[in-house]
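Beneath this line is the structure, given in structure tokens, with notes to follow.
All values reported here derive from a predicted model rather than from experimental measurement. Worth knowing before you read on, the calculation uses all heavy atoms, side chains too, and leaves out hydrogens, waters and symmetry mates.
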Amino acid sequence: MRLSVIGCGYLGAVHAAAMASIGHDVVGIDVDAEKVDALSRGLAPFFEPDLQKLLEAGAASGRLHFTTDIAAAAGADVHFLAVGTPQQRGAHAADLTYVDEAVEALIPHLRPGDVVAGKSTVPVGTAARLAPLVEATGAQLAWNPEFLREGWAVKDTIEPDRLVIGVGPDASAAVSALRRVYAPAVAAGTPFIVTDWATAELVKVAANAFLATKISFINAMAEIAEVTGADVTQLADALGHDARIGRRFLGAGIGFGGGCLPKDIRAFAARAEELGRGDSVAFLREVDAINLRRRDRAVELVVEGLGGSVFEKRVTLLGAAFKPYSDDIRDSPALDVAARLRGLGADVTVTDPAALDNARRQHPQLSYVDDRDEAIRGADAIVLVTEWDAYRRELTPEHASTLTDGRVVVDGRNGWDAAGWRAAGWTYLGMGRP
Ligand code: NAD
């Protein structure tokens, strides 16, 4: 099929490349000329495992193109909307400017029978609001939320765990077009769930609300563990054996961040308020507050570990990205903790295998070192803030001891073996652990 993908960021670039890899003819369109230039040359403009390979293969196949010209969407059977929906400045609601602009720009290029499939995460009611504009051209509007995880985005796009297609009344053509787009996944038995627009929009924000709540739940337990001497990691293991609960997303630490969970739960709460149902998701404000408190806690632990003050102490942060296998630093807890420590007078060094260029742009006041061992050399304290393998699995206390005389580690992800660090002579401070 011929497809267009409007917005080629973390979601759209992967979607475009993945759709070309399964045999479609794809044009990716973005207003950012630099991004389009990189993508056109087969270069991933951000770090995402396997994306580079897919872009090269797409370029070689002649089935994948990128442009800044929205007119290139003309002739595609399905147009995916993948533009950003960030948090509004000074408010919690989602900023729909980019979605509105993209739809407006696309309208003149639609033909009767085309399908517009929204992938951006939007407040419930957005599709119903946009539908008359799209339908006036004879095209149909579907909402097809995206559940990919950064770091696993290529795999998640090609082999999703479910496909959700929200459509309006009489939209069987849109359903069959999307069934054809996702034919390999459908043939592999992937659940293909057809709903109305509102349900599809809600599936996405409800999923993120649930995940955020699960993380904040265990972080709330970490807060209780801290005043009782309990160990939240053992608590999570024991809870996780209950199949109704499960161990995943029960990792207590410095909490969630990134370009999705924080802004999505805030936008959901703001939309519920508009709908007169603010009380129904009032707990999301608490989920957000618990999450942000854990960043304070990590800072407190560093201060405590260094004897009550970090002033002029050398602190090395292992990680800048909001999660491993990504260079995404949007609302990264790692950088938030780094900036706060710097605010307290610490001499902060940040290292990360992929995210330093992005981090430098956002926090030019911090010091950055590419090499992990160089970053650790001479540090008074080491803080694990992003669970890259190079830090969590591969850095041993014995090796760290050869790099610095400092003997304090703060494990912001509860990723290390506390006993091992202590046995090697380190003061180990974890999140919600004695
Ligand atoms: P992003 O900021 O990385 O990408 C958005 C892109 O849209 C940018 O490249 C921007 O230049 C482009 N853009 C803005 N206006 C445009 C226009 N009028 N025409 C063409 N391009 C335009 O954001 P993202 O992380 O890819 O997220 C996009 C959407 O997908 C958001 O709604 C997000 O919540 C949702 N989502 C993201 C993920 C994820 O893991 N990143 C997962 C699921 C859903």
Side-chain angles (χ1 to χ4, degrees), residues 6-7 9-12 30-32 35 81-105 118-130 145 150 201-202 204-209 211-213 215-216 219 254-296 298-299 320-323 328-344 355 358-366:
I6 298 145
Y10 284 93
L11 188 166
D30 202 290
V31 291
D32 182 338
K35 210 174 262 184
L81 297 174
V83 298
T85 50
Q87 186 175 335
Q88 284 177 13
R89 251 174 213 285
H92 276 184
D95 179 353
L96 293 176
T97 317
Y98 305 106
V99 171
D100 291 345
E101 284 173 1
V103 170
E104 199 181 312
K119 295 203 76 64
S120 303
T121 303
V122 292
V124 57
T126 303
R129 176 174 66 77
L130 296 173
E150 286 177 23
E201 290 163 331
L202 277 174
K204 176 64 194 173
V205 289
N208 277 357
L211 295 172
T213 303
I215 297 170
S216 278
N219 277 330
I254 57 171
F256 57 80
C260 291
L261 289 197
K263 62 111 176 148
D264 287 350
I265 60 168
R266 290 172 196 154
F268 191 10
R271 183 66 182 134
E273 284 285 348
E274 286 171 8
L275 295 165
R277 286 287 183 276
D279 286 352
S280 306
V281 292
F283 66 92
L284 290 177
R285 298 195 190 285
E286 213 51 57
V287 165
D288 201 1
I290 294 165
N291 190 56
L292 295 175
R293 283 205 297 272
R294 299 317 284 164
R295 303 177 184 188
D296 299 336
V299 171
F322 86 100
K323 65 184 304 200
D328 195 346
I329 57 153
R330 288 178 288 184
D331 203 348
S332 168
L335 285 175
D336 197 6
V337 169
R340 289 182 202 206
L341 286 166
R342 154 105 188 171
L344 294 175
N358 286 340
R360 257 187 215 105
R361 274 193 291 273
Q362 196 180 79
H363 291 280
Q365 80 281 20
L366 301 172

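For the residue pair Ser216 and Ile290, the shortest heavy atom distance occurs at O-CG2, 3.6 Å. Heavy atoms only, all atoms of each residue included: Val287 and Ala212 are closest at CG1-O, 3.6 Å. Residues Pro333 and Gly257 share a closest heavy-atom pair of CD-CA, 3.9 Å. Of all heavy-atom pairs spanning Ile329 and Ala355, the tightest one is CG2-CB, 3.8 Å. Contact between Ala320 and Ala359 at its shortest, heavy atoms only, is CB-CB, 4.1 Å. In terms of heavy-atom proximity, Lys35 sits nearest to Gly9 at NZ-CA, 3.9 Å.
Between Val83 and Val31, every side-chain heavy-atom pair lies at or beyond the 4.5 Å cut-off. Between Leu335 and Leu366, some side-chain heavy-atom pair lies under the 4.5 Å cut-off. A heavy-atom distance below 4.5 Å is not found between the side chains of Phe256 and Arg294. Asn219 has its side chain out of reach of Ile254: every pair of non-hydrogen atoms, C-beta onward, lies at least 4.5 Å apart. Side chains of Leu130 and Val99 form a contact here, defined as non-hydrogen atoms less than 4.5 Å apart. In this structure, the side chains of Phe322 and Asp331 stay at 4.5 Å or more apart for every pair of heavy atoms. Under the 4.5 Å side-chain criterion, counting only non-hydrogen atoms from C-beta, Thr121 is not in contact with Glu201.
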Worked check of side-chain contact (heavy atoms from CB on, under 4.5 Å) between Lys119 and Leu81
CA-CA 6 Å; Lys119 295 203 76 64; Leu81 297 174; 6.0 Å; no

Checking side-chain contact (heavy atoms from CB on, under 4.5 Å) for the pair Cys260/Asn208: CA distance, chi angles, key distance, verdict?
CA-CA 8 Å; Cys260 291; Asn208 277 357; 4.1 Å; yes

Full working for salt bridge (charged side-chain N to carboxylate O under 4.0 Å, His left out) between Asp100 and Arg129
CA-CA 10 Å; Asp100 291 345; Arg129 176 174 66 77; 3.0 Å; yes

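Checked for salt-bridge contact, Arg342 and Asp336 miss the test: no charged N lies under 4.0 Å from a carboxylate O.
To the nearest 0.5 Å, the span separating CD on Gln365 from CZ on Arg360 amounts to 13.0 Å. One distance of note links CG of Asn358 with NE2 of His363; it measures 11.0 Å at 0.5 Å rounding. Atom CZ of Phe268 is separated from atom CD of Glu273 by 12.0 Å, given to the nearest 0.5 angstrom. The CG atom of Asp288 sits 10.5 Å away from the CZ atom of Arg293 when rounded to the nearest 0.5 Å. Here Asp328 contributes atom CG and Arg330 contributes atom CZ; the two are 4.0 Å apart, rounded to the nearest 0.5 Å.
The side-chain contact (heavy atoms from CB on, under 4.5 Å) test with Ile265 singles out one residue from Leu284, Leu211, Val281, Val205, and that residue is Leu284.
Under the 3.5 Å distance criterion, the side-chain polar atoms of Gln88 are left unmatched by any main-chain donor or acceptor of Asp95. When atom types are taken as modelled, the side chain of Arg340 and the backbone of Val299 share no donor-acceptor pair closer than 3.5 angstrom. Between the side chain of Ser120 and the backbone N or O of Val122 there is no donor-acceptor pair closer than 3.5 Å. Under the 3.5 Å distance criterion, the side-chain polar atoms of Arg266 are left unmatched by any main-chain donor or acceptor of Gln87.
Residues Thr85 and Lys263 bring a donor and an acceptor atom of their side chains to less than 3.5 Å of each other.
For Gln362, the CD atom sits in a packed shell: over 12 heavy atoms of surrounding residues, nucleotides or ligands are nearer than 6.0 Å.
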